**Student:** 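Quick one: the structure is below, questions incoming.
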Amino acid sequence: MTVVKINAITVPDGQGPELEARFAARFTQGCMGGVAGFLGYELLRPVAGDTRHFVYTRWESDDAFQAWRTEGSEAAHCDSSRPQVGTGADLLEFETVDLATTSTAADEA
């Protein structure tokens, strides 16, 4: 089952562009390329209702995410010599729902 992990990063005022530049560099350098079970990611910039940046990642399974988290997450940062931009982060975790096979209340009536 595909899973989604969202890292909600607290970024100090004025540091959003630096965070975005670092993610752009990671993307162009292919830092996540070859990670088993990794399907892709997007960086979401806040525009209303929240001030955090969200890193939306998709994985083939929770096992794939956990393996990367414990064994290879440092490689995703490409250049970990610079101090972090974010001042905190929360991990939000989801499973995708296969809507084609999920019954609805109308089907059960």
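The figures that follow rest on heavy atoms only: side chains count, while hydrogens, waters and symmetry mates do not. Quick caveat, the model's predicted, so the values are computed rather than measured.
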**Student:** Can you see which heavy atom on N7 is nearest to which on A89, and at what distance?
**Tutor:**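 That would be OD1-CB, 3.2 Å.
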
**Student:** Atom CD of E95 and atom CD of E93: how far apart are they, to the nearest 0.5 Å?
**Tutor:**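 Spacing of CD (E95) from CD (E93) equals 10.0 Å.
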
**Student:** Rounded to the nearest 0.5 Å, what separation is found between the CD atom of Q84 and the CD atom of E18?
**Tutor:**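 It comes to 12.5 Å.
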
**Student:** About how many Å separate CE of M1 and CG of D63, when rounded to the nearest 0.5 Å?
**Tutor:**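 Atom-to-atom, D63:CG and M1:CE are 12.5 Å apart.
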
**Student:** Quick check: closest heavy atoms across R22 and P83, and the distance to 0.1 Å?
**Tutor:**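 Of all heavy-atom pairs spanning R22 and P83, the closest is NH1-O, 2.6 Å.
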
**Student:** Would you find a donor on one side and an acceptor on the other, under 3.5 Å apart, between the side chain of T87 and the backbone of V11?
**Tutor:**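 No; zero donor-acceptor contacts below 3.5 Å.
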
**Student:** side-chain contact (heavy atoms from CB on, under 4.5 Å), that's the test. Do T10 and H53 meet it? Break it down for me.
**Tutor:** CA-CA 7 Å; T10 302; H53 279 69; over 6 Å; no

**Student:** Could you name each residue pair satisfying side-chain hydrogen bond (donor to acceptor under 3.5 Å, both in side chains) that touches residues 33-49, not counting sequence neighbours?
**Tutor:**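 Only E20-R45 qualify under side-chain hydrogen bond (donor to acceptor under 3.5 Å, both in side chains).
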
**Student:** Tell me who clusters with V4, hydrophobic residues only, linked when side chains sit under 4.5 Å apart either directly or through other members.
**Tutor:**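 V4 clusters with I6, L44, F54, Y56, L92, F94.
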
**Student:** Name the orientation class of the two ring planes belonging to F38 and W59 (parallel below 30°, tilted from 30 to 60°, perpendicular beyond 60°).
**Tutor:**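 If you compare the ring of F38 with that of W59, the planes turn out perpendicular.
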
**Student:** V35, L91: one ILVMFWY side-chain cluster at the under-4.5 Å cut-off?
**Tutor:**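 As far as the 4.5 Å side-chain criterion goes, L91 and V35 are connected within one cluster.
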
**Student:** Could you pull out the closest heavy-atom pair between L19 and I9, with the gap in Å?
**Tutor:**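 The answer is CD1-CD1, 4.5 Å.
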
**Student:** Please report the closest heavy-atom contact between A64 and A36, naming both atoms and the distance.
**Tutor:**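 Between these two residues, the closest heavy atoms are CB-O, 3.8 Å.
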
**Student:** Can you find a heavy atom in the side chain of E60 that is under 4.5 Å from one in the side chain of T2?
**Tutor:**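 No. Closest side-chain heavy atoms not under 4.5 Å.
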
**Student:** Using a 4.5 Å cut-off on heavy atoms from C-beta on, say whether the side chain of K5 contacts that of V55.
**Tutor:**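 When only atoms from C-beta onward are counted, K5 and V55 do not touch, as no gap falls below 4.5 Å.
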
**Student:** Please assess T57 against M32 for the test side-chain contact (heavy atoms from CB on, under 4.5 Å), listing each intermediate value before the final yes or no.
**Tutor:** CA-CA 11 Å; T57 61; M32 292 295 290; over 6 Å; no

**Student:** Looking only at heavy atoms, what is the nearest atom pair of P46 and D50, with distance?
**Tutor:**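 Closest pair (atom of P46, atom of D50, distance): CB-O, 3.1 Å.
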
